[in-house]
Amino acid sequence: VTVLSPTGDGSTLTGVVGADSIDFLPTTDNTTNAYPHRHHYAVTRFGEIRHFGEEANYVSGQVYQQNQHGYKNVKRPVGKEDTGIREIIGVAQSTFVIFEDGDLYSWGYNGYGQLGIGNTTNSASMRSVLGNVVKFASAAGGYHTNRISCYAINTSGELYSWGTNVYGQLGHGNTTQLNSPVKVVISGLTANESVVDVVASCSYVTSAAILTSSGRVFTVGYNANGQLGLGHTLNKHTFKRVSSLASKNVTKIRSIGGTRHSTAGYYRHSYYVVCDDGDTYAWGFNGSGQLGIGNTTQQTSPVQTLVTGVSDITTSKDEWGGVFFQKTNGEIWRCGHNKYGNLGTGNTTDVSTPVQLTLYLSDGVANTSGVDRIQALASVTHSYHRGWLILMNDGRLYSCGYNGNGQLGVNSTANVMLFQEVIVPLHGSRIKQLSMGGYSSSIHVLILLEDGRVYGMGHNAYGQCNVAHTSGYVTVPTATFQ
């Protein structure tokens with residue numbers, strides 16, 4: 001397989017490597033509320049971090065504002081040359097990597113101290129942030145602001161935060177920006193209680209929520225829409241317990257919130273929890289019915305949704321939002337904003353009472369046999385452009401919603417209003433991971449197969465899909481790194 005191969009000094013040349021060279025792509029799931037914008041990364045099975053697409057603010061350690069078609073390698077720091085990489089997270093124009101030993105490093109844009117390196121200077125090289133990290137989450141204010149709040153949980157179950165702090169979302173009792181990680185003191189935790197998860201709204205007007213080892217939920221930050229779940233709309237600068245969930249044992253927590261370019265969009269956040277009995281609760285902004293409670297009324301305290309027997313919830317990354325409930329019996333139910341047909345109902349009417357999902361094969365026939373075997377569900381969303389990908393355990397991939405960049409992979413740029421099968425050239429392999437990037441009207445998707453091959457689709461003007469042609473849109477899954 002012919003690819004662009006690194007020379008070791010950041011430049012590239014044509015060479016040949018194995019087709020199984022890629023191990024994983026950046027995390028872009030609903031627990032981090034983060035993804036790279038007009039660029040992307042891939043980590044090889046040899047531990048190399050490859051960057052391709054727009055090079056703004058040193059996202060690949062290169063010069064400012066170039067478009068890189070092909071890829072360049074990101075140089076590892078001294079002492080980390082052979083350390084395995086657990087996770088890489090692209091957040092707008094800043095990037096974070098967690099090594100297998102738990103060390104967190106960062107590079108790229110740093111105007112709000114989000115790199116956690118003690119200053120606000122952009123960094124063209126990896127810098128050490130924090131050790132013993134098991135979980136990282138962030139809230140980004142979008143491409144035009146790069147205002148990012150960061151959170152990390154260590155092996156002791158302690159929470160650290162840093163970055164922008166306009167509404168006290170870092171949880172330290174003030175609104176002071178932090179350029180380095182500081183441990184968060186959480187009043188109300190018992191002696192043996194630790195933090196096991198943290199999520200934040202995707203906006204610089206940020207709120208955040210944590211889940212503890214005792215199944216309790218605490219929230220902090222901006223609260224105009226009741227997103228803290230405390231029964232009022234007052235901002236809080238320290239974490240407060242969501243007391244109305246006292247009788248429930250929460251196992252998972254999710255969020256939606258504010259990537260819109262308009263000022264109003266930054267403020268609208270919603271939160272969701274899954275309990276050990278399969279009940280789900282939601283609160284906060286509800287303008288499109290995304291809370292799943294049968295109306296569009298804002299809720300300042302948790303309200304039980306209309307879906308029971310739930311194993312997980314996947315949310316989109318914008319303030320109006322769509323929500324998919326995965327039930328323990330395999331069914332998928334969804335609700336929320338539907339302007340582009342992104343809920344797959346066949347129309348553009350918002351849904352406040354969750355409805356069950358139907359998938360359609362490439363020939364247009366409803367798939368009635370695979371709905372109980374979901375492997376991954378991903379939001380292909382930024383700003384007001386919303387879409388979804390669903391990967392089934394039988395290897396079939398489906399897409400629906402906004403498709404202006406061809407990112408849904410159905411050989412068109414027309415919106416898709418029913419979940420339609422995406423044909424990926426598997427050649428005996430299986431899909432391992434989906435990874436999204438982009439903002440507003442420059443959305444792209446990468447598909448990683450188990451044998452290491454990667455396919456790209458969507459916006460490619462900056463080379464972010466890293467396919468043969470480097471302008472316009474890639475409307476079907478097209479091989480990259482070849």
Side-chain angles (χ1 to χ4, degrees), residues 30-31 33 134-135 137-139 149-154 156-162 165-175 178 182-201 203 205-257 267-286 291 293 298-305 310 313 315:
N30 62 303
T31 62
N33 275 329
V134 296
K135 168 76 178 184
S138 68
S149 303
C150 296
Y151 306 84
I153 302 171
N154 67 12
S156 299
E158 299 168 330
L159 178 69
Y160 286 76
S161 63
W162 66 96
N165 192 33
V166 177
Y167 292 92
Q169 62 263 33
L170 297 184
H172 298 288
N174 56 51
T175 58
L178 294 176
V182 175
K183 180 181 174 180
V184 182
V185 177
I186 304 169
S187 177
L189 293 187
T190 63
N192 297 319
E193 192 173 17
S194 60
V195 180
V196 296
D197 199 6
V198 56
V199 297
S201 60
S203 168
V205 185
T206 295
S207 57
I210 60 168
L211 175 63
T212 74
S213 55
S214 300
R216 301 197 298 169
V217 176
F218 292 72
T219 57
V220 71
Y222 190 76
N223 193 33
N225 300 113
Q227 53 263 53
L228 299 189
L230 304 176
H232 56 71
T233 56
L234 301 176
N235 299 343
K236 293 296 178 182
H237 298 167
T238 57
F239 278 92
K240 302 296 181 182
R241 183 186 177 190
V242 182
S243 58
S244 59
L245 291 172
S247 64
K248 308 299 293 187
N249 181 30
V250 176
T251 59
K252 294 176 181 176
I253 186 164
R254 304 288 183 251
S255 67
I256 284 181
Y267 293 76
R268 297 163 174 164
H269 315 150
S270 311
Y271 285 90
Y272 304 78
V273 296
V274 180
C275 302
D276 60 354
D277 58 4
D279 287 346
T280 55
Y281 291 78
W283 62 93
F285 184 65
N286 193 30
L291 297 187
I293 58 177
Q298 173 178 298
Q299 301 294 325
T300 61
S301 295
V303 176
Q304 187 171 357
T305 76
V310 173
I313 296 174
T315 62

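Note that the numbering runs from 1 along the sequence shown for the chain. Values below: every heavy atom of this structure, side chains too, minus hydrogens, waters and symmetry copies.
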Note to self: If I take atom CD1 from residue Ile186 and atom OG1 from residue Thr212, how far apart are they, to the nearest 0.5 angstrom?
What the structure shows: 9.0 Å

Item checked: Spatial distance of atom OG1 (Thr300) from atom CH2 (Trp283) [nearest 0.5 Å] -> 11.5 Å

Check: What closest approach, in Å, do Gly226 and Thr233 show between heavy atoms, and which atom pair accounts for it?
Finding: N-CG2, 4.0 Å

Note to self: If you compare all heavy atoms of Gln298 against all heavy atoms of Asn225, which two are closest, and at what distance to 0.1 Å?
What the structure shows: OE1-ND2, 3.0 Å

Checklist line | Side-chain heavy atoms of Phe285 within contact of Gln227, under 4.5 Å | finding: no

Note to self: For Tyr271 and Ser207, which I'm curious about, is there any donor-acceptor pair between the side chains at under 3.5 Å?
What the structure shows: yes

Note to self: Is there a side-chain contact between His172 and Val184 in this structure, where contact means two heavy atoms from C-beta onward sitting under 4.5 Å apart?
What the structure shows: yes

Check: If only atom types and distance count, is the side chain of Tyr160 paired as donor or acceptor with the main-chain N or O of Cys150 below 3.5 Å?
Finding: no

Next item on the list: Keeping the roles fixed (side chain from Asn235, backbone from Tyr167), state whether a donor-acceptor pair exists under 3.5 Å.
Entry: no

Note to self: Distance check, rounded to the nearest 0.5 Å: Phe239 atom CZ versus Ser161 atom OG?
What the structure shows: 7.0 Å

Notebook entry, point to check: Would a 4.5 Å heavy-atom cut-off, applied to side chains only, mark Val250 and Cys275 as touching?
Noted result: yes

Notebook entry, point to check: Hey, are the side chains of Val198 and Lys135 touching, using non-hydrogen atoms and a 4.5 Å cut-off?
Noted result: yes

Next item on the list: Report the residue from Val195, Val199, Asp197, Val273 that forms a side chain to side chain contact (heavy atoms under 4.5 Å, CB included) with Leu211.
Entry: Asp197

Margin query: Is the shortest side-chain heavy-atom distance between Gln299 and Tyr281 below 4.5 Å?
Written below: no

Notebook entry, point to check: If every non-hydrogen atom of Thr280 is compared with every non-hydrogen atom of Val310, which pair is closest and at what distance?
Noted result: CG2-CB, 3.5 Å

Item checked: Rounded distance (nearest 0.5 Å) linking atom OG of Ser255 with atom NE2 of His269 -> 9.0 Å

Check: Just how far is it from atom NZ of Lys240 to atom CZ of Phe218, taken to the nearest 0.5 Å?
Finding: 10.0 Å

Notebook entry, point to check: Which pair of non-hydrogen atoms, one from Leu228 and one from Gly221, has the smallest distance, and what is that distance?
Noted result: CD1-O, 3.5 Å

Next item on the list: State, to 0.1 Å, how close Ser244 and Gly229 come at their nearest heavy-atom pair, and which atoms those are.
Entry: OG-O, 4.4 Å

Margin query: So does Gly284 get a backbone contact from the side chain of Ser270, meaning a donor-acceptor N/O pair under 3.5 Å?
Written below: no

Notebook entry, point to check: Closest heavy-atom contact between Gly188 and Glu193?
Noted result: O-OE1, 4.1 Å

Margin query: Tell me whether Asp277 contacts the main-chain N or O of Asp279 through its side chain, where contact means a donor paired with an acceptor under 3.5 Å.
Written below: yes

Note to self: Measuring from atom CG of Asn165 to atom CG of Leu178, what distance do you get when rounded to the nearest 0.5 angstrom?
What the structure shows: 6.0 Å

Notebook entry, point to check: Can you tell me if Ser213 uses its side chain to pair, donor with acceptor, with the backbone of Ser194 under 3.5 Å?
Noted result: yes

Next item on the list: Check whether any side-chain N or O of Asn286 sits under 3.5 Å from a backbone N or O of Leu291 as a donor-acceptor pair, and report yes or no.
Entry: yes

Next item on the list: Report yes or no: does Ser156 contribute a side-chain atom to a donor-acceptor pair with the main-chain N or O of Glu158 at less than 3.5 Å?
Entry: no

